[in-house]
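Worksheet: one structure, shown below.
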Amino acid sequence: MPIFDAQDGEAWMAVSLDRPPSAQGGVHEQRSCIALVVSDPDAMPSLLPTRCYLTVAFPAQVLQGIGLDRVGALAVDVGSALFWPFLTFAWVCATAERRQSSLTLYYTERLLQEMLAGVVVSSLRGGETRSIAQGYSAALSIITARVGDPHLTPASIAAELRTSLRSLQRQFAAHDTTMDRSIRGARVAHARSLLENPVYRALTIERVALACGLANGSSLARAFAAEGLPSPSRLRAASLRR
């Protein structure tokens, strides 16, 4: 069975397989496969007794950002079109021997988190019906997964979820927020994590803005101001003095 050495602020994707994913020749689905997203190791149910396990740790903020901070353990739809590409990529990353640069590591981590969020979105959409809470969570999942997409809008989210924009806006209003505010908040939160992390110090303010789906540093500064934060340059400078 996989061992969960959970750290504060972490969640997990846990997968049991009858054999390792194929890194070459495409992805091959396996019948005996179970995948779970786990935010509380104590809520972890038994996985299949099998020869191969893969666990992927990721920031719990990814789940909190999509409204699943108290999920405990969520069954993942292993039949979705997104699951097996994610699993194969995660396996390659886990078994790669070549050391990555800090910049390459950043983009690898971001891609893994975006793919994982996409898998969760797909799982939430897998049922024939969706409650209001699930629709809200699915929309937040898309925002988190596509935070770097400059074309991310409330309308595009509604279209992806195959629901009306007005209905989705009502669901956000029920949570005392709006879709635009949630998109901006996700972009700002991601930018802040980059600016405060010394690993990504090589990224300029402009590059950080682009990584968060914004046109330039000025747009990022306006988004920070709207969230009641100091400018990106001041926030980075303050983090360097700590």
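Sequence positions, counted from 1, serve as the residue numbers for this chain.
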Write down the atom of E227, the atom of R184, and the distance for their closest heavy-atom approach.
OE2-NE, 2.7 Å
Are W91 and L54 side-chain neighbours, meaning at least one heavy-atom pair lies under 4.5 Å?
yes
Interatomic distance, L220 atom CG to S233 atom OG [nearest 0.5 angstrom]:
9.5 Å
Less than 4.5 Å apart, side chain to side chain, heavy atoms only: is that true for F83 and L116?
no
Do you know the tightest heavy-atom contact between A221 and P232?
CA-CD, 3.7 Å
With rounding to the nearest 0.5 angstrom, report the CG to CE distance, L165 to M179.
6.0 Å
Using side-chain heavy atoms (C-beta onward) and a distance below 4.5 Å, is L87 in contact with V119?
no
Considering all heavy atoms, the nearest H190-A211 contact:
CD2-O, 3.8 Å
CD1/I183 to CD1/I142 distance, rounded to the nearest 0.5 angstrom?
10.0 Å
Counting distance only, does the side-chain N/O of E206 pair as donor-acceptor with the main-chain N or O of G217 below 3.5 Å?
yes
Do L195 and F224 make a side-chain contact, defined as non-hydrogen atoms from C-beta onward lying under 4.5 Å apart?
yes
Within one Ile-Leu-Val-Met-Phe-Trp-Tyr cluster: L210 and V208, side-chain cutoff 4.5 Å:
no
Same apolar cluster: L111 and V56, side chain cutoff 4.5 Å
yes
Indicate the atoms forming the closest heavy-atom contact of T177 with S182, along with that distance.
OG1-OG, 3.7 Å
Could you tell me whether a side-chain N or O of S167 sits under 3.5 Å from a main-chain N or O of S164, the two making a donor and an acceptor?
no
Less than 4.5 Å apart, any side-chain heavy atom of V147 and any of R110?
yes
With a 4.5 Å cut-off on side-chain heavy-atom distances among I, L, V, M, F, W and Y, is there a chain of contacts connecting L105 to L112?
no
State, with a plain yes or no, whether a side-chain heavy atom of C93 is found less than 4.5 Å away from one of T108.
yes
Kindly indicate whether the side chain of N216, heavy atoms from C-beta on, has any atom under 4.5 Å from the side chain of I205.
no
Could you check if a side-chain atom of M13 sits within less than 4.5 angstrom of a side-chain atom of T55, using non-hydrogen atoms only?
no
Look up atom CZ in R236 and atom CG in L203, then write down how far apart they are to the nearest 0.5 Å.
6.5 Å
For residues P154 and D180, report the shortest heavy-atom separation together with the two atoms involved.
CG-OD1, 3.3 Å
If I compare all heavy atoms of L82 with all of G118, which pair ends up nearest, and what's the gap?
CD1-O, 3.3 Å
Please round to the nearest 0.5 Å and tell me the distance separating atom CG of D149 and atom CD of E114.
9.0 Å
Gap between atom CD1 of I157 and atom CZ of F172 - 0.5 Å precision
6.0 Å
R187 side chain to C212 main-chain N or O, any donor-acceptor pair under 3.5 Å?
yes
Would a distance-only check, ignoring hydrogens and angles, find a side-chain to backbone donor-acceptor pair under 3.5 Å from S156 to L152?
no
Is there a path from L235 to V199 through hydrophobic residues (I, L, V, M, F, W, Y) whose side chains come within less than 4.5 Å of each other?
yes
Test V37 against F58 for side-chain contact (heavy atoms from CB on, under 4.5 Å), laying out the working first.
CA-CA 10 Å; V37 169; F58 58 92; 4.1 Å; yes
